[in-house]
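Beneath this line is the structure, given in structure tokens, with notes to follow.
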Amino acid sequence: MSLGERNQYSINDRYVEDAGRVFLTGVQALARLPIQQLRADRRRGLNTAALLAGYPGSPLAGLNFEIENAKQLVPDLPIVHRPLLNEEHGATAVMGSQLAAEQPDCEFDGIAGFWYGKAPGLDRAGDALRHAVFTGTSRLGGAVAIVGDDPAAKSSTLPSSSDATLFDLHMPILYPGDVEEILTLGMHAISLSRITGAWTALKIVDAVADGSGTLDLGATVIEPVVPDLEIEGVKYEHHPDAKLLPPNNLALERDLRVVRSELVRRYTVANKLNPVIVNPHDAWIGLIASGFTYHELRHALHSIGLRTLDDIANAGIRLLHLQLPVPFDPQNIRNFSEGLDEILVIEEKNPTAEWLVKDALYGSANQPRVLGKTRPDGQPLMPSHGILDADAIVQGLFDRLSLRVRDRLVEPRKKTKQRELIPLDVTRSPYFCSGCPHNSSTKVPEDSLIGAGIGCHTMVLLMDEDQVGNIAGVTAMGNEGMQWVGMEPFVERKHFIQNIGDGTYFHSGQLAIASAVAANSNITFKLLYNGTIAMTGGQDPKGGLGVIEITQIMLAQGVEQIIITTEDPSRYKETDFPKEVSVWTRERIIEAQESLAEVSGVTVLIHDQACAAQLRRT
Ligand SMILES: Cc1ncc(C[n+]2csc(CCOP(=O)(O)OP(=O)(O)O)c2C)c(N)n1
Ligand code: SF4
């Protein structure tokens with residue numbers, strides 16, 4: 001039924017309905033996934049539940065908010081959302097959801113577990129996820145890591161692509177390229193995890209998370225094919241096992257590398273997850289791409305005149321769409337390569353698939369030339385940095401195709417010449433919101449050396465030294481101040497000021513303060529207490545505490561002295577604090593830092609002022 005044919009359409013249909021056309025963003029499709037899975041389970045007579053856990057400040061553009069919205073619309077479904085203090089805690093909670101099904105008092109047949117986080121969260125949670133992967137998943141539960149990649153670093157300190165990390169974590173990667181594929185591949189991710197006992201990963205790039213589309217829900221229903229599960233004469237069924245000491249952990253390793261990975265291969269083949277889209281009998285070149293990059297490749301082909309699948313076939317191109325790019329079936333690649341002169345692998349950042357293709361073909365007769373990041377003469381072909389969109393793909397693609405079918409191609413459109421910019425009297429770089437507490441809190445005494453922290457206040461990197469001090473750069477979240485521990489013994493300067501947001505403090509930063517005490521460091525942490533995880537959309541920090549409680553923890557950890565600066569000192573009573581803590585008006589923030597710099601050891605300035613954007617929202 002089309003949207004127009006319906007008498008009424010409600011935006012809630014995207015979560016409530018099971019059939020018909022709905023409009024969804026990528027993030028909404030992710031929030032719909034557990035609903036769709038539990039409904040499919042109920043149709044099969046299964047009494048399953050779902051757990052979603054992660055760090056709310058590591059959202060895929062507000063996934064945590066969307067999960068809450070979706071949950072409320074389906075009160076009949078047992079969906080539990082547990083935003084936690086940081087990413088590794090979320091990963092371990094999802095591991096627990098798989099262990100729950102092994103307990104005799106478990107109330108459900110299985111729990112579908114979803115971990116969510118951005119690429120830095122994946123890096124951070126690596127150890128926790130590795131433990132969860134070894135432990136494995138339950139037959140009617142399943143565990144999926146939803147990983148947000150930001151290849152152009154639009155909202156991150158570093159550009160990211162998680163393929164190599166996920167590969168190393170032994171997680172098969174399913175890579176959707178649009179909203180519909182989020183649902184189909186998301187359903188496969190759960191099914192694959194249940195059948196094989198392996199954790200699976202859904203790689204979501206920002207363009208797909210932020211994208212949107214209207215789709216027919218019927219097209220997202222999958223009927224998974226269960227492959228042959230017999231290994232060494234026995235039908236395999238994984239039982240999650242977290243007794244991770246020898247000899248059990250070694251048995252689990254064998255099981256993971258030998259058995260579960262083989263079942264993943266069989267599932268991929270049985271469910272035709274890596275289809276050959278175009279296969280002309282006279283193909284001379286093969287193109288391989290995945291997810292968002294596959295769709296961008298199709299745009300690039302379109303822009304040089306190969307608009308339809310027939311055009312592509314007539315140019316002698318064989319086209320492979322890897323929906324599960326890692327690990328793929330080597331035989332699949334060997335079949336694909338038959339009769340080809342050349343294979344071009346188009347993937348962002350690391351040449352992970354390119355290496356796997358070469359590995360699959362190594363030693364086979366008449367193997368085609370495999371290209372990806374470089375041309376045969378070693379010159380760059382496909383960029384290994386930044387975002388790999390159609391514009392970035394098209395020239396290299398055109399050059400390779402021109403070798404044989406130049407007459408069928410249209411010259412790539414030259415980039416329009418950059419228009420000359422008229423110089424303005426005023427230039428404006430990104431800046432804090434009006435009324436932002438960081439306007440006051442980032443003021444520093446002259447000649448200070450400052451560590452920037454993660455959060456809105458990272459923008460000090462873009463600001464004048466006169467205003468925010470000499471910035472020594474930024475660290476990974478939770479490591480604030482540790483760069484000074486490594487610098488301090490080797491420089492004449494005796495003191496350092498480190499900015500740290502309260503969201504970061506509760507996530508992991510409090511350990512950095514304890515580490516600085518352990519290292520006898522001479523440092524002032526400036527805790528920018530704005531009451532929210534502001535930069536990622538204004539989430540509540542989980543495990544958050546008030547200023548008074550924080551001062552108690554810090555003093556117990558060995559912090560020497562604390563000054564609280566605030567616009568309203570009457571907020572606190574003198575009796576709230578011991579003698580090491582004092583409350584000053586925010587106008588004295590520079591004097592406060594000068595005073596703390598005179599104290600040897602670790603000192604803290606807590607700037608207590610709410611996020612202005614959050615105040616406007618509430
Ligand atoms: C390990 C990790 N997880 C998540 C993020 C995403 N992230 C970027 S900024 C930020 C917010 C930090 O909040 P807070 O420390 O309170 O500073 P504010 O934005 O409020 O100034 C987060 C969570 C990250 N960079 N690293
Ligand atoms: S969102 Fe809040 S903390 Fe971030 S710049 Fe705006 S007012 Fe400041």
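Whatever order the structure lists them in is the order used to number ligands and atoms, beginning at 1. Being a predicted model, the structure only gives us computed values, none of them experimental. Computed over heavy atoms, backbone and side chain alike; hydrogens, waters and symmetry mates excluded. For this chain, numbers begin at 1 and follow the sequence in order.
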If the contact criterion is a heavy-atom separation under 4.0 Å, does His457 count as touching ligand 1? yes
Would you call Ile533 a ligand 1 contact, heavy-atom distance under 4.0 Å? yes
Short question: side chain of [X], backbone of [Y] - any donor-acceptor pair under 3.5 Å?
{"X": "Asn439", "Y": "Cys436", "value": "yes"}
{"X": "Thr25", "Y": "Ser212", "value": "no"}
{"X": "His170", "Y": "Phe167", "value": "no"}
{"X": "Asp464", "Y": "Gln467", "value": "no"}

Taking only residues two or more places apart in sequence, or in another chain, which ones meet Phe432 in a ring-ring contact (aromatic ring centres under 6.0 Å, His included)? His438
Looking at every non-hydrogen atom in both residues, tell me the closest pair between Leu555 and Val581 and how far apart they are. CD1-CG2, 3.8 Å
Taking all non-hydrogen atoms of both residues, which atom of Lys526 and which atom of Gln593 are closest, and how far apart? NZ-OE1, 3.1 Å
Side chain or backbone, does [X] bring an N or O within less than 3.5 Å of an N or O on ligand 1?
{"X": "Asp502", "result": "yes"}
{"X": "Ala534", "result": "yes"}
{"X": "Pro120", "result": "no"}
{"X": "Gly503", "result": "yes"}

Closer than 2.8 Å to atom 8 (Fe) of ligand 2, what protein N/O/S atoms do you find? Cys436 SG
Check: Tyr55 ring centroid to His507 ring centroid under 6.0 Å: yes
I need the contact type for Ile454 against ligand 1. Using non-hydrogen atoms and a strict under-4.0 Å cut-off, is it side chain, backbone, both or neither? both
Tell me the contacting part of His438 for ligand 1: side chain, backbone, both, or neither, using a 4.0 Å heavy-atom threshold, strictly below. side chain
Would you mind listing which atoms of ligand 1 come within a distance below 4.0 Å of any non-hydrogen atom of Cys456? 18 (P), 19 (O), 21 (O)
